[in-house]
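Right, one structure below, let's go through it.
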Amino acid sequence: MALIVQKYGGTSVANPERIKNLASRVARYKALGHQVVVVVSAMSGETNRLIALAKEIMPDPDPRELDMMVSTGEQVTIGLTAMALMDLGVKARSYTGAQVRIVTDSAFTKARILKIDDERIRADLDAGNVVVVAGFQGVDEHGNITTLGRGGSDTTGVALAAALKADECQIYTDVDGVYTTDPRVVPEARRLKSITFEEMLELASQGSKVLQIRSVEFAGKYQVKLRVLSSFEEEGDGTLITFEEEDNMEQPIISGIAFNRDEAKVTVLGVPDRPGIAYQILGPIADANIDVDIIIQNTGADGTTDFTFTVHKNELNKALGLLRDKQKDIGAREIAGDEKIAKVSIVGVGMRSHVGVASLMFKTLAEEGINIQMISTSEIKIAVVIDEKYMELAVRVLHKAFGLDKA
Ligand code: ASP
Ligand code: MG
């Protein structure tokens, strides 16, 4: 007997038929003697619909109230899922995040899980129930409902698996695993049988939308065995996220290519080249809780330098506003924003033991006449910022250049 957490995304609960389908799968696991905790997202499109509705009332919705209403999407699906199970004769009980007591901090719309009370769930499991938990939401110490950021149900699933010391956390989605890149962009993309946790973390943080990044961080921290599977197929092993690099001669140098159009570039031109300037620029950005990704400072010339960084597109105006307010103190000549950028990243643990990876990437892009605006690297990743309009082309040529289309 194993304890399994199964998380189902929006497309897997999109309509009554799919919810019934999900219930049959859960019933099969239950019939094998396993204990099952099910985490569900809102029906696909529902979270977007709720956010749009909020914006019709208040253009920049109050975060506390936004969480209050957006969290209802998942409350609908937990009830429906429990009913679908009952209809199959499976004992089931549903809970919102607040009822479980998934305690988070108070950062509305992007709260972090602090702790989970597992008592109630354990008691229900021991009594033979399938427990259905609303993804994406929690409650802060003051009793306010919070949400965990878009895609947050993955994190709910993994966090519950960690808290319950589950044997496996299965993430059911509309793809049958993690691919070398998005098959909608590169039809030759292949499913990976396994990928290391570190690679998955890089891919998620570079824009692969298969798993929310926090869920991968959680899985790494608590060593949760994580598997990505399709909810539309009965068979298939999906992709297993592993913790060890297999000693495999045939391991590719690059495992995957991620991309995203979600970032925007902020350039602070002509700032004095002196100690404290990076802090003066990024301090207010951090204080406003705006995440910064790539940061570049040029070497100074004539006592001044240029400072460039990227933020989420949604936060570009806020970041520009904050810096323009401080432009005089910083002593900057100009502050500019650019939304028409994209980031393309190649990821692979094989980079550690191979040379020439960066040069192959740059050569491949140069041959297509694609200009690189920013570069950032880690031990297992090289990311470039390019003009948004060349993104898909860049992904396709890199996929080929690194042989990812060959099994
Ligand atoms: N329903 C939420 C969203 O769309 C959470 C999730 O699906 O993971 O972001
Ligand atoms: Mg998702």
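Side chains included, hydrogens not; waters and symmetry mates left out as well; all remaining heavy atoms used. Atoms within a ligand are numbered from 1 in the order they appear, just like the ligands themselves. This is a predicted model, so every value here is computed, not measured.
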Answer yes if the side chains of E202 and S378 hold a donor-acceptor pair under 3.5 Å, and no otherwise. yes
I'd like to check which ligand 1 atoms, numbered from 1 as shown, lie under 4.0 Å from a non-hydrogen atom of R150. 3 (C), 4 (O), 9 (O)
Side chain, backbone, both or neither: the part of E74 lying under 4.0 Å from ligand 1 by heavy atom: side chain
Scan K313, K340, R261, K343 and name whichever one has a salt bridge (charged side-chain N to carboxylate O under 4.0 Å, His left out) with E388. K313
Can a side-chain donor-acceptor contact be found between N371 and Y390 if the only test is distance below 3.5 angstrom? no
Identify all side-chain donor-acceptor contacts of residues 221-232 below 3.5 Å with residues at least two apart in sequence or on another chain.
| unit_1 | atom_1 | unit_2 | atom_2 | d |
| --- | --- | --- | --- | --- |
| K225 | NZ | E168 | OE1 | 3.4 |
| R227 | NE | E168 | OE2 | 3.1 |
| R227 | NH1 | D237 | O | 2.9 |
| S230 | OG | F232 | N | 2.9 |
| S230 | OG | E233 | N | 3.4 |
| S231 | OG | S12 | OG | 2.7 |
| S231 | OG | T173 | O | 3.4 |

Got an N/O contact under 3.5 Å between D154 and ligand 1? no
Are any of the N/O atoms on G151, whether in the backbone or the side chain, positioned under 3.5 angstrom from an N/O atom of ligand 1? yes
Whether Y172 and Y8 hold their rings parallel, tilted or perpendicular, with breakpoints at 30° and 60°: parallel
Can G135 be said to touch ligand 1, with heavy atoms closer than 4.0 Å? no
Check whether any N or O atom of K7, backbone or side chain, sits under 3.5 Å from an N or O atom of ligand 1, and answer yes or no. no
